[in-house]
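Each ligand, and each atom within it, is numbered from 1 in the order the structure gives. Position 1 is the first residue of the sequence; numbering continues from there.
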Amino acid sequence: MDSILVKGNGALNGVIPIAGAKNACLALMPATLLSEEPLTLTNAPRLSDIRTMTQLLQSLGVEVSALQDGKVITMSSHGTLDPRADYDIVRKMRASNLVLGPLLARLGHAVVSLPGGCAIGARPMDIHIDALTALGAEIELKDGYLHAKTQGGLKGAVHEMRFASVGATENFVMAATLAKGTSVLKNAAREPEIVDLVRCLRRMGAEIEGEGTPTITIEGVTALRGATHPVVTDRIELGTYMLVPAIAGGEVECLGGRIELVGAFCEKLDAAGISVSETERGIKVSRQNGRVKAVDVVTEPFPGFPTDLQAQMMALLCTAEGTSVLEEKIFENRFMHAPELMRMGARIEVHGGHATVTGVERLRGAPVMATDLRASVSLILAALAAEGETVVSRVYHLDRGYERVEEKLSACGAKIERIRAAG
Ligand code: UD1
């Protein structure tokens with residue numbers, strides 16, 4: 001397994017291009033199952049999670065071709081489709097469950113493995129099941145697989161989710177595009193990735209209103225057509241790289257960034273004393289002198305502070321002046337980066353869903369281990385500001401969600417290199 005070596009060496013300055021959003025792309029790709037005509041995504045990120053979704057779609061009978069080194073993905077679901085998403089692929093990535101809604105809508109039946117355990121909590125499927133059941137699906141759990149079918153196709157319905165789940169919103173909206181009649185989803189998730197999915201579905205001929213609000217209305221149509229759609233900017237990659245100058249000092253411009261994607265996060269940076277401004281090309285962040293100030297953070301569904309930036313924000317607060325409290329409200333067990341940051345000299349106490357971070361003047365390099373995707377990048381951020389060398393092992397987690405991280409950070413002056421595992 002590869003590891004990454006980082007030597008903390010002071011302020012970092014430069015320009016970082018932000019890729020298309022992994023989580024948007026993972027929802028947009030299954031949308032191809034809804035139409036016989038090809039769907040082309042531009043600005044796709046080049047990540048191992050996208051390759052996993054490609055394999056899953058191919059296993060279902062979708063033709064997938066990638067151009068421009070993977071930045072453009074064309075998918076065609078015109079042939080016979082296999083309704084079964086196998087455990088071997090689904091277990092690698094929870095977002096595989098996003099084929100359930102589209103398969104049901106197009107074929108009237110689907111067999112999708114449950115995703116299984118996950119490092120950041122139980123992550124059950126009940127909200128997805130309730131949402132699709134409301135549209136008339138009959139879903140049974142047998143041998144670790146969800147067996148879903150419809151009697152005469154999906155039918156529009158009004159449904160309120162018990163929690164604004166991102167994935168369940170995506171599954172419901174995709175399924176409802178081909179249902180008979182009108183569907184209304186209440187307490188829908190409002191994340192920018194959902195807005196992006198709806199824009200793409202609309203290009204494909206779907207009739208949808210209310211994306212980005214808690215109520216989404218979908219008027220079912222009989223068929224969707226092909227389309228070409230650019231993937232929205234990755235707000236989590238954006239927030240992560242905005243933290244580079246915040247943590248190490250210096251000034252970085254993140255190309256393609258927009259404040260509206262990271263509003264709640266920017267408010268916290270501002271409170272910590274970091275300067276953030278929108279430019280014509282993106283967002284510029286700088287910290288010239290002095291320590292950052294402690295701030296309290298609570299993770300919430302969009303437009304609140306994103307759980308996917310909590311680990312990275314914790315890395316920043318480890319060197320803040322004062323004590324910060326981070327509260328994780330989306331996932332249980334999402335503080336696994338805390339003991340690793342403590343190996344670098346951070347002072348953190350975790351009690352259930354709260355972490356109390358007392359800032360220290362300087363972190364020190366240490367061997368640490370990546371436990372999940374966002375945790376791994378938080379360790380790299382901490383290492384940029386630490387004294388000495390840090391080796392982050394198990395970086396396959398990182399490759400799931402960050403393309404060319406060494407290249408992007410080296411361009412700003414960071415001393416970072418990948419140590420390839422032998423064999
Ligand atoms: C998506 C993102 C993930 C992000 C998360 C929250 C993708 C591919 N992944 O994940 O990066 O961290 O949103 O912003 O877009 N839950 C249930 N039952 C369900 C579904 C979810 O109890 O049927 C719970 C989960 O365990 C979790 C919470 O709801 O505690 C949020 O999950 P959800 O919004 O569904 O996240 P994902 O779509 O899996």
Side-chain angles (χ1 to χ4, degrees), residues 20-31 44-45 47-50 52-53 56 90 92-101 112 114-134 137 139 141 146 148 159-174 185 187-197 214 231-232 234-240 261-262 264-265 298-313 327-337 353 372-378 397 400-402:
K22 168 180 86 75
N23 287 350
C25 203
L26 289 175
L28 290 161
M29 291 174 76
L47 300 169
S48 65
D49 269 8
I50 301 301
T52 303
M53 183 56 85
L56 174 60
V90 177
K92 291 190 198 165
M93 187 178 70
R94 180 177 162 83
S96 304
N97 62 23
L98 295 174
V99 300
L100 180 59
V112 176
L114 279 181
C118 168
I120 57 169
R123 303 182 100 179
M125 285 287 290
D126 60 311
I127 307 175
H128 295 250
I129 294 170
D130 289 351
L132 295 171
T133 303
I139 305 181
L141 174 64
L146 294 173
H159 177 66
E160 179 162 353
M161 294 195 297
R162 70 164 172 86
F163 173 82
S165 154
V166 174
T169 300
E170 292 164 343
N171 254 329
F172 182 96
V173 170
M174 285 193 277
L185 184 63
N187 196 24
R190 291 183 275 166
E191 271 66 5
E193 293 74 27
I194 287 162
V195 173
D196 201 40
L197 172 65
V231 180
V232 67
D234 195 319
R235 66 195 165 98
I236 306 302
E237 193 197 25
L238 170 66
T240 301
L261 293 172
V262 279
F265 171 73
V298 182
T299 64
E300 280 167 338
F302 192 86
F305 191 100
T307 174
D308 287 350
L309 283 173
Q310 179 258 109
Q312 301 89 312
M313 190 70 183
E327 185 181 354
E328 175 55 62
K329 291 224 287 202
I330 309 294
F331 292 111
E332 79 239 47
N333 197 17
R334 205 180 192 180
F335 287 127
M336 281 176 314
H337 41 284
D372 72 45
L373 168 56
R374 307 304 172 186
S376 53
V377 83
S378 77
H397 289 294
R400 288 186 43 209
Y402 290 88

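- Note that CD of Gln310 is 12.5 Å distant from CZ of Phe265, once rounded to the nearest 0.5 Å.
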From CA spacing to verdict: side-chain contact (heavy atoms from CB on, under 4.5 Å), Phe302, Arg235: CA-CA 11 Å; Phe302 192 86; Arg235 66 195 165 98; 3.9 Å; yes
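- The two residues Ala189 and Val166 make their nearest non-hydrogen contact at CB-CA, 3.9 Å.
- No part of Ile129 comes within 4.0 Å of ligand 1, judged by heavy-atom distances.
- Using a 4.0 Å cut-off between heavy atoms, Phe163 contacts ligand 1 through its side chain alone, with no backbone atom that close.
- At least one donor-acceptor pair under 3.5 Å links the side chain of Glu328 to the backbone N or O of Phe331.
- A salt bridge does not link Arg94 with Asp49: every distance from a Lys NZ or Arg NE/NH1/NH2 to an Asp or Glu carboxylate oxygen is 4.0 Å or more.
- Each of Asp308, Thr307, Val377 was compared with Ile236 under the side chain to side chain contact (heavy atoms under 4.5 Å, CB included) criterion, and only Asp308 meets it.
- Ligand-side atoms of ligand 1 in range of Gly167: 35 (O), 38 (O), range being under 4.0 angstrom from any heavy atom.
- Contacts of Lys22 with ligand 1, taken as heavy-atom pairs under 4.0 Å, are absent altogether.
- Ligand 1 has no N or O atom lying under 3.5 Å from any N or O atom of Glu170, backbone or side chain.
- Within the 4.0 Å heavy-atom criterion, both parts of His128, backbone and side chain, lie near ligand 1.
- For atom 9 (N) of ligand 1, the nearest non-hydrogen atom from the set Ile194, Asn97, Asn23 comes from Asn23.
- Ligand 1 places these atoms under 4.0 Å from at least one heavy atom of Thr307: 6 (C), 12 (O), 14 (O).
- The proximity of Arg162 to ligand 1, defined as any non-hydrogen pair under 4.0 Å, is limited to the side chain.
- Residue Asp308 touches ligand 1 through its side chain alone, judged by heavy-atom distances below 4.0 Å.
- Minimum heavy-atom separation, Ala168 to Met161: CB-SD, 3.8 Å.
- When the heavy-atom distances from atom 33 (P) of ligand 1 to Asp126, Ile236, Val166, Leu98 are ranked, the shortest goes to Val166.
- The heavy atom nearest to atom 19 (C) of ligand 1, out of those in Ala95, Pro124, Ser165, Cys25, is found in Pro124.
- Proximity of Asp126 to Arg162: side-chain heavy atoms (C-beta onward) are separated by under 4.5 Å at one or more points.
- When all heavy atoms of Pro306 and Thr299 are compared, the pair lying nearest together is O-CG2, 4.2 Å.
- Not a single N or O atom of Ala164, backbone or side chain, sits closer than 3.5 Å to an N or O atom of ligand 1.
- When the heavy atoms of Ile330, Ile127, Leu197, Thr299 are ranked by distance to atom 23 (O) of ligand 1, first place goes to Ile127.
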